Amino acid sequence: MTPSAAPSSAAPRAPLAPPSPALVRLPGHIRKLVPAEREAILAHLLRLDPLSRFMRFGGVVSDSALARHATRLVSGEASAIGYFVEGDLRAVAELHPLGTRPGKPAAAEAAFSVERPWQGKGIGSALMKHLVLLAQNRGIEELQVVFLPNNGPMRNLAVHHAADLQLDDEEMVGRMRAPRATLFSQAREFIGDIFAVFSSAADLQERMLPPHLRGN
C-alpha cells in the first residue's frame, strides 16, 4: 500500500460487499490513464471519503501525501486504469511492479480506489480484468493485492479472482497468477492505448462543461 501509513487496530470496519451487478449496466467507460491526467487522479483521491481513503492506503494519509502519490503514479514505472463518468474519474486501479527476487516469479501489486457512490457496483472487478491484461503484457507472473483484514470489499475482490489469501503481520496478502502475453493481448492493449489518447482529450473537454451540459 502506498503511500505508507501504519495500520490502526481502531480502524473502522468495512462490511462485506454483496455480489455486484455487471458493469455494463453503469454509465461511463474504462481506459488507461495518461501522464497528463495527474490532476484528475489527485481530484479523484481527494474525493474519497475518510473510510475509503483509510482502506485504500492502510492508514491515515494527508492531502499532500495523496498529491505525491498522484505524481508517482504518472511519472514512475506504475500503470493505471481509470473508470470515467461524464468526464470525471471515479475509480482507479494501479499496477506497481515489485522488485525482482531470485527464484521468485516477477510480481506486481494491484491497488484500487473507488469513490463511495460507485462502490458495490462491480467496478473493481472490471478494473481488475484490465490490470491482468497490463500485467501479462509486462511479463508479470504474479499479481498481489494487499489490504487490511477488515476490508471486506477487497477480500471479496481477491476471492472472486481466485487469489490465494494469507495473513502477513497486520495485512492480508492475496496472490494470483497472471497469464502469459499473446499477440492478441498485446493487440488489445495497443488498441486501448489509441482509445486512451483520444478519450483523455474528450474527458478533459467534458470536465470543462457545466454539470447540466455533461453527457449530452
Side-chain angles (χ1 to χ4, degrees), residues 1-5 23 26-99 108-119 123-124 126-135 137-138 140 143-147 154 188-211 213-215:
M1 299 178 185
T2 51
S4 59
L23 185 69
L26 295 175
H29 58 271
I30 292 175
R31 63 167 173 81
K32 188 185 295 186
L33 298 175
V34 300
E37 292 178 305
R38 184 260 183 194
E39 294 303 318
I41 295 171
L42 176 57
H44 157 68
L45 293 175
L46 291 173
R47 284 194 297 267
L48 295 176
D49 64 278
L51 175 60
S52 298
R53 184 189 292 200
F54 189 99
M55 290 296 178
R56 161 60 186 90
F57 293 103
V60 177
V61 294
S62 65
D63 290 354
S64 59
L66 294 183
R68 293 191 295 271
H69 181 73
T71 299
R72 287 195 298 269
L73 191 55
V74 298
S75 60
E77 296 182 353
S79 301
I81 300 291
Y83 170 68
F84 288 83
V85 179
E86 296 183 355
D88 288 322
L89 181 61
R90 296 302 185 180
V92 173
E94 307 170 19
L95 184 71
H96 297 271
L98 302 176
E109 181 181 343
F112 301 83
S113 54
V114 182
E115 294 176 26
R116 176 63 64 182
W118 304 99
Q119 293 177 13
I123 295 171
L127 289 171
M128 174 65 88
K129 295 177 182 177
H130 286 258
L131 277 193
V132 170
L133 177 67
L134 296 187
N137 286 343
R138 284 151 184 75
I140 302 299
L143 267 178
Q144 299 180 8
V145 287
V146 181
F147 54 94
M154 277 303 301
R188 283 182 59 199
E189 184 175 353
F190 177 74
I191 294 172
D193 288 346
I194 296 175
F195 172 74
V197 170
F198 288 98
S199 181
S200 63
D203 287 330
L204 174 60
Q205 186 177 41
E206 188 155 17
R207 286 196 295 273
M208 297 174 66
L209 293 174
L213 295 179
R214 297 186 185 183

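Remember, predicted model here, so these are calculated numbers, not experimental data.
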Considering residues at least two apart in sequence or located in another chain, which fulfil the side-chain contact (heavy atoms from CB on, under 4.5 Å) criterion with [X]?
| X | answer |
| --- | --- |
| Ala43 | Arg47 |
| Phe195 | His29, Arg31, Ser199 |
| Ala135 | Leu95, Ile140, Leu143, Ala178 |
| Ile191 | none |

Does any non-hydrogen side-chain atom of [Y] lie less than 4.5 Å from one of [X]?
| X | Y | answer |
| --- | --- | --- |
| Lys129 | Ile30 | no |
| Glu37 | His44 | no |
| Leu66 | Leu46 | yes |
| Glu39 | Leu42 | yes |
| Met128 | Val145 | yes |
| Ile81 | Phe112 | no |

side-chain hydrogen bond (donor to acceptor under 3.5 Å, both in side chains) involving [X] - partner list, sequence neighbours excluded:
| X | result |
| --- | --- |
| Arg138 | Glu189 |
| Ser75 | none |
| Gln144 | Glu142 |
| Arg188 | none |

Might you work through the side chain to side chain contact (heavy atoms under 4.5 Å, CB included) test for Leu48 and Glu115, ending with a clear yes or no? CA-CA 5 Å; Leu48 295 176; Glu115 294 176 26; 4.2 Å; yes

Distance from [X] atom [atom1] to [Y] atom [atom2], nearest 0.5 Å?
| X | Y | atom1 | atom2 | result |
| --- | --- | --- | --- | --- |
| Ser200 | Phe84 | OG | CZ | 8.0 Å |
| Trp118 | Asp88 | CH2 | CG | 9.5 Å |
| Asn137 | Phe190 | CG | CZ | 12.5 Å |
| Glu109 | His96 | CD | NE2 | 7.0 Å |
| Tyr83 | Ile123 | OH | CD1 | 4.5 Å |

Taking all non-hydrogen atoms of both residues, which atom of [X] and which atom of [Y] are closest, and how far apart?
| X | Y | answer |
| --- | --- | --- |
| Ile41 | Ala70 | CG2-CB, 4.1 Å |
| Leu89 | Ala40 | CD2-O, 3.7 Å |
| Ser79 | Leu73 | O-CD1, 4.4 Å |
| Leu127 | Ala93 | CB-CB, 3.7 Å |
| Gly82 | Leu33 | N-CG, 3.8 Å |
| Val92 | Ala80 | CG1-CB, 4.3 Å |

Whether the side chain of Gln119 engages the backbone of Val114 through a donor-acceptor N/O pair (distance < 3.5 Å, no angle test) should be reported. yes

Kindly write out the residues that satisfy salt bridge (charged side-chain N to carboxylate O under 4.0 Å, His left out) with Arg116, not counting sequence neighbours, or none if the list is empty. Asp49

Not counting sequence neighbours, which residues clear salt bridge (charged side-chain N to carboxylate O under 4.0 Å, His left out) with Arg53? List them please. Asp63

Given the rule in the side chain to side chain contact (heavy atoms under 4.5 Å, CB included) test, do Leu134 and Lys32 qualify, once you have shown the distances and angles that lead to the verdict? CA-CA 10 Å; Leu134 296 187; Lys32 188 185 295 186; 3.8 Å; yes

